[in-house]
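One structure below.
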Amino acid sequence: MYYVGIDIGSTAAKVCVKGDENFIFSLPTGWSSKETSELIYKNLLKKNIDLKSKDTRVLATGYGRVAVDYADFTVTEISCHARGGKFLSKQDDIGLIDVGGQDTKIIIIEKGMVKDFLMNDKCSAGTGKFIEIMANRLGLSIDELFNLSKNGKILPISSLCTVFAESEIINYIGEGRKKEDIAAGVVDSVADKVSKMCLKMELPKDIILTGGLSKIDYFIEILSKKTGKNVYGHEDGIYAGAIGASLLAKEKKKR
């Protein structure tokens with residue numbers, strides 16, 4: 001029996017398989033969630049895992065979950081990330097921050113259940129898309145942006161709108177400001193927006209960071225300082241939603 005969690009985000013699709021074999025993998029979402037779901041199906045079929053067979057239970061979540069037409073269940077990102085965060089942290093009382101490509105989620109888990117959550121899903125500021133746009137403007141990869149920012153002096157980026165923030169960066173470039181200083185301003189801006197979201201909630205002292213930034217130590221360090229909390233990442237943090245989805249698929253089967 002296989003329990004498969006599929007988390008199709010706006011930037012990347014993550015898959016977690018539990019059962020006779022256990023593994024995780026990711027691939028770019030591309031322009032079509034439907035095509036991505038079909039590619040996931042074909043990739044697993046090569047491993048002799050047929051997602052349409054009676055020996056599998058598939059649960060889909062994320063931005064493109066409705067495109068996974070072979071899924072047995074679809075569940076919200078909040079539920080799946082909470083379940084995955086609890087699993088990765090091994091704690092029943094934990095805060096979770098997920099900086100995704102399209103939105104940022106903050107979840108409070110108490111006694112293993114979602115107590116409260118907050119999402120920034122109306123604006124790309126404070127999300128992975130903001131970082132991607134600014135890195136592209138500077139001619140950098142996201143990893144290069146964070147590496148450069150460590151040695152820079154923060155240049156303030158005051159705009160709350162990504163379009164206007166990009167204009168600020170263009171002005172800094174025109175003024176001949178150092179690239180590492182602009183990079184430091186970008187990283188600080190994202191961390192600041194995320195930490196201000198955190199101030200709206202009563203978070204526990206320990207917070208696990210999931211999503212694409214969960215392995216970037218420098219961002220974790222800044223976020224810890226700004227929130228005053230013990231923020232830490234996990235090597236499988238990017239897969240939190242998919243892991244949670246696979247666990248929920250198994251639990252739904254039991255019920």
Side-chain angles (χ1 to χ4, degrees), residues 1-27 29 33-34 36-37 40-41 43-44 47 49-119 121 204 207-212 214 233-255:
M1 192 73 192
Y2 287 101
Y3 304 98
V4 182
I6 299 176
D7 177 12
I8 298 188
S10 59
T11 303
K14 287 78 65 179
V15 181
C16 176
V17 177
K18 292 186 178 294
D20 296 339
E21 293 181 70
N22 297 279
F23 58 91
I24 50 179
F25 67 91
S26 66
L27 66 163
T29 298
S33 298
K34 176 67 175 174
T36 303
S37 70
I40 291 169
Y41 177 81
N43 286 348
L44 288 176
K47 296 179 178 291
I49 300 174
D50 184 355
L51 298 180
K52 296 179 182 179
S53 82
K54 63 180 181 180
D55 295 324
T56 65
R57 286 293 179 274
V58 181
L59 190 147
T61 190
Y63 163 82
R65 63 182 178 270
V66 294
V68 187
D69 56 12
Y70 50 79
D72 298 293
F73 314 99
T74 57
V75 174
T76 66
E77 298 165 74
I78 298 300
S79 296
C80 291
H81 275 82
R83 190 69 180 83
K86 174 188 170 184
F87 176 83
L88 294 174
S89 67
K90 296 180 173 59
Q91 294 188 58
D92 286 337
D93 299 290
I94 187 77
L96 183 147
I97 297 173
D98 180 81
V99 181
Q102 180 176 262
D103 58 41
T104 295
K105 295 176 280 291
I106 300 175
I107 306 171
I108 298 176
I109 303 165
E110 192 172 279
K111 296 180 181 178
M113 304 294 288
V114 175
K115 179 185 178 184
D116 197 7
F117 71 91
L118 183 65
M119 286 184 70
D121 59 356
I207 300 173
I208 184 169
L209 178 68
T210 62
S214 59
H234 192 283
E235 61 180 358
D236 293 331
I238 191 173
Y239 295 101
I243 291 170
S246 67
L247 293 169
L248 289 173
K250 187 173 183 178
E251 290 168 10
K252 282 181 176 292
K253 167 61 177 173
K254 285 180 177 178
R255 287 200 294 270

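Both backbone and side-chain heavy atoms feed into the values below; hydrogens, waters and symmetry mates do not.
- In this structure Asp92 satisfies the salt bridge (Lys or Arg N to Asp or Glu O under 4.0 Å) test together with Lys86, sequence neighbours excluded.
- Applying the side chain to side chain contact (heavy atoms under 4.5 Å, CB included) criterion to Ala82, with sequence neighbours excluded, gives Ile107, Ile109, Val114.
- With sequence neighbours left out, Lys47 forms a salt bridge (Lys or Arg N to Asp or Glu O under 4.0 Å) with no residue at all.
- Taking CZ of Phe117 as the start and NE2 of His81 as the end, the distance is 13.0 Å to the nearest 0.5 Å.
- Residue pairs meeting the side-chain hydrogen bond (donor to acceptor under 3.5 Å, both in side chains) criterion with at least one partner in residues 11-25, sequence neighbours excluded, are absent.
- Among pairs with a residue in residues 105-119, those fulfilling side-chain hydrogen bond (donor to acceptor under 3.5 Å, both in side chains) read Glu77-Lys105, Asp98-Lys105, Asp103-Lys105, Glu110-Lys115, at least two apart in sequence or across chains.
- Among residues two or more places apart in sequence or in another chain, the salt bridge (Lys or Arg N to Asp or Glu O under 4.0 Å) test is passed with Arg83 by Glu251.
- Under the side chain to side chain contact (heavy atoms under 4.5 Å, CB included) criterion, Thr56 pairs with Tyr2, Ile49, Ser53, Val58, not counting sequence neighbours.
- Note: Thr76 OG1 to Met119 CE = 9.0 Å, rounded to the nearest 0.5 Å.
- Within the 4.5 Å cutoff, the side chain of Asp93 has no heavy atoms near those of the Pro204 side chain.
- Listed for the Thr61 side chain is a donor-acceptor partner under 3.5 Å among the backbone atoms of Val75.
- The shortest heavy-atom contact between Gly62 and Asp7 is CA-OD1, 3.4 Å.
- Between Phe25 atom CZ and Leu44 atom CG the span is 4.5 Å, to the nearest 0.5 Å.
- Nearest heavy-atom pair across Leu96 and Gly85 is CD1-CA, 3.5 Å.
- Between Leu88 and Asp236 the shortest heavy-atom distance is CD1-O, 3.8 Å.
- When all heavy atoms are compared, the tightest approach of Ala13 to Thr29 is N-OG1, 3.4 Å.
- Interatomic distance, SG of Cys80 versus CG of Leu59, reported as 5.0 Å (0.5 Å rounding).
- Between Tyr239 and Val15, the shortest heavy-atom contact is CD2-O, 4.3 Å.
- Among residue pairs with one or both ends in residues 58-70, those qualifying as salt bridge (charged side-chain N to carboxylate O under 4.0 Å, His left out) are Lys34-Asp69; sequence neighbours excluded.
- Every residue meeting the ring pair (Phe, Tyr, Trp, His ring centres under 6.0 Å) condition with Tyr41, not counting sequence neighbours, appears here in chain and number order: Tyr70.
- When all heavy atoms are compared, the tightest approach of Ser33 to Tyr63 is OG-CE2, 4.0 Å.
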